[in-house]
Amino acid sequence: MFLLLLVALALSLALALQRSPEIHAPAPAGVDQIRAVKTLLARNDPRQSAPGIRVLRLSDVELTLLSNEWLRLRGEGALHLELLEGRARLRASRPLPWGFWLNVDAALVQRPLGLPALDHIRFGRLPLPAAWVERWLLKPALAQPAAAELRTLGELVHAVRFGPGLLQLAYDWHPAHLQRLVAGYWPDDARQRLRFYQERLAQASRAHPVGSAVPMLPLMQALFREAARRSDQGADAAAENRAALLTLALYSVGQHWSRWLPDAQTWPRAQPLRLQIGGRDDFAQHFLVSAALAIEAGGPMADAIGVYKELSDAQDGSGFSFNDIAADLSGARVGLMSQQQARRLQALLAGEVREADFMPEVADLPEFLHKKDFLARYGGLEGAPYLAMMKEIEARVAALPWHR
């Protein structure tokens, strides 16, 4: 009997696991997609209305875009969604160890209230009964601590409706739900880590007069000395770097963790200072925010958001600035280094460091270009002059001592 079970298990795995994905990850979100997502989020921001039942409307294209960026953040493959009348088809591919892929093809049907029901599902070439999957796979998975965010989202859902190319999701909104969701993203150990760096930042800021302009580098080194010390004691170096950089990035734009984490209301606040790179506040903000975006959403996403920000400035702000793009690219590379070469970055910041080690020369780069001037001189984002300038900036960043 035991031998038969082993044979059945081996056969099931052979059918379910495959050597290649059926769904391939799309290219990272570009500027046009960032603009579309920004418009979408603004249109459906629940904070703009009173508590109660709200309805979120998303096309299958928008939902697929958002889902794939979320999967890219977690390194969990890709999916494609097709919405039909009363039902949805979801196909997804997720990488597994040893070069295997789990390809899933599932159909969902709407119910009068609550989340949709699973109609049928196939793992690779292995079809399984929907009721069996819901009982023995989905319910145990959702009961795990790692699924706390999904459970919270599920509790808020009132009803889901599928139409041709359109999803309508009715959910119960209250401002406390946002803090609950965000707090669920940061488990206890992560919140304690964030508190530690917030306390160290507050302490370091007291060495300077309130409101004064100070170089970013010494504050960054102060936090990373602590990150290196804790890593030497066995802490996860990448997690320490992440907490340090995110805390510094929030501070650079005048924010505090209490905006998202309820228990952070009692955490100390750093004295207001103007962090600078090369004597400019905007460079420090671009650098640190792009580093944070690279940590949380990947380098390509940080780059695209940086270009989108400059396009917005060209339209109705201070103008398109290539030197800001250089700060964005530099910050994004340091953000990625903080995770991919965590101990190396700690060692670099522990030694003799100059701003020129991580930020290229930008004084000769054009800035404050309004839309008309930008289009005339550079032909937009597809123009040869623009692409040549971006190639030059990328070459300067790549040539920096930290990235050679």
Side-chain angles (χ1 to χ4, degrees), residues 38 41 45 47 73 175 178-208 210-227 230 238-277 280-299 301-302 305-306 308-309 324 327-328 330-339 342 345 349 358-359:
K38 183 176 183 293
L41 295 177
D45 187 347
R47 295 173 297 178
L73 167 64
L178 180 61
Q179 287 194 325
R180 181 181 170 193
L181 285 170
V182 175
Y185 182 73
W186 298 97
D188 289 343
D189 61 335
R191 291 203 297 275
Q192 290 304 314
R193 193 178 298 115
L194 295 176
R195 177 169 187 162
F196 173 83
Y197 287 103
Q198 180 63 37
E199 290 172 347
R200 292 302 178 274
L201 178 62
Q203 182 180 11
S205 71
R206 297 189 192 108
H208 306 278
V210 174
S212 61
V214 301
M216 176 201 76
L217 182 54
L219 281 179
M220 187 175 178
Q221 286 183 293
L223 294 191
F224 270 78
R225 278 195 294 270
E226 296 291 346
R230 287 161 65 96
E240 297 298 320
N241 293 351
R242 178 190 183 215
L245 269 176
L246 293 183
T247 300
L248 197 56
L250 278 179
Y251 175 62
S252 74
V253 293
Q255 298 295 327
H256 184 265
W257 283 111
S258 58
R259 181 175 179 181
W260 293 277
L261 300 173
D263 54 348
Q265 297 289 342
T266 60
W267 298 2
R269 292 178 179 269
Q271 290 191 151
L273 300 173
R274 290 164 34 228
L275 302 188
Q276 295 187 334
I277 295 177
R280 290 182 52 162
D281 304 8
D282 57 337
F283 285 177
Q285 290 179 352
H286 276 270
F287 181 94
L288 289 169
V289 171
S290 291
L293 285 169
I295 292 171
E296 296 300 290
M301 174 67 85
I305 290 176
Y308 172 74
K309 170 66 167 60
D324 286 346
D328 289 327
S330 301
R333 298 308 173 267
V334 171
L336 292 178
M337 185 191 299
S338 77
Q339 303 303 291
L345 180 59
L349 284 165
F358 56 81
M359 178 73 185

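Since we're looking at a predicted model, the values are computed, not measured.
The line from CZ of Phe287 to CG of Asp324 is 14.0 Å long, rounded to the nearest 0.5 Å. Taking OG of Ser290 as the reference point, atom CG of Leu336 lies at 10.5 Å (rounded to 0.5 Å).
Legend: residues meeting side-chain contact (heavy atoms from CB on, under 4.5 Å) with Leu217, ordered by chain and number and at least two apart, are Gln221, Leu349, Val353, Phe358. For the side-chain hydrogen bond (donor to acceptor under 3.5 Å, both in side chains) test, no residue two or more places apart in sequence or in another chain qualifies with Arg206. Listed by chain and number, the residues in a side-chain hydrogen bond (donor to acceptor under 3.5 Å, both in side chains) with Arg200 amount to none (sequence neighbours excluded).
Judged by distance alone, the side chain of Gln285 and the main-chain N or O of Val253 form no donor-acceptor pair under 3.5 Å. Between the side chain of Asp281 and the backbone N or O of Arg274 there is no donor-acceptor pair closer than 3.5 Å. A donor-acceptor pair under 3.5 Å links the side-chain atoms of Gln271 to the main chain of Ser205, judged by distance alone.
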Please assess Arg195 against Thr266 for the test side-chain contact (heavy atoms from CB on, under 4.5 Å), listing each intermediate value before the final yes or no. CA-CA 10 Å; Arg195 177 169 187 162; Thr266 60; 4.3 Å; yes
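Looking at every heavy atom in both residues, Leu219 comes nearest to Leu248 through CB-CD1, 4.5 Å. Pairing each heavy atom of Leu223 with each of Tyr197, the nearest pair is O-CE2, 3.5 Å. Taking every heavy atom of both residues into account, Gly335 and Leu245 meet most closely at CA-CD1, 4.4 Å. Considering all non-hydrogen atoms of both residues, Gly211 and Leu273 come closest at N-CD2, 4.1 Å. Of all the heavy atoms in Ser252 and Leu288, the pair that sits closest is CB-CD1, 3.7 Å.
Looking at Trp267 and Ser258, their side chains never bring a donor and an acceptor atom within 3.5 Å of each other. Gln198 and Tyr251 share no donor-acceptor pair across their side chains, judged by distance under 3.5 Å alone.
A 4.5 Å side-chain heavy-atom check between Val214 and Leu275 finds at least one atom pair inside the cut-off.
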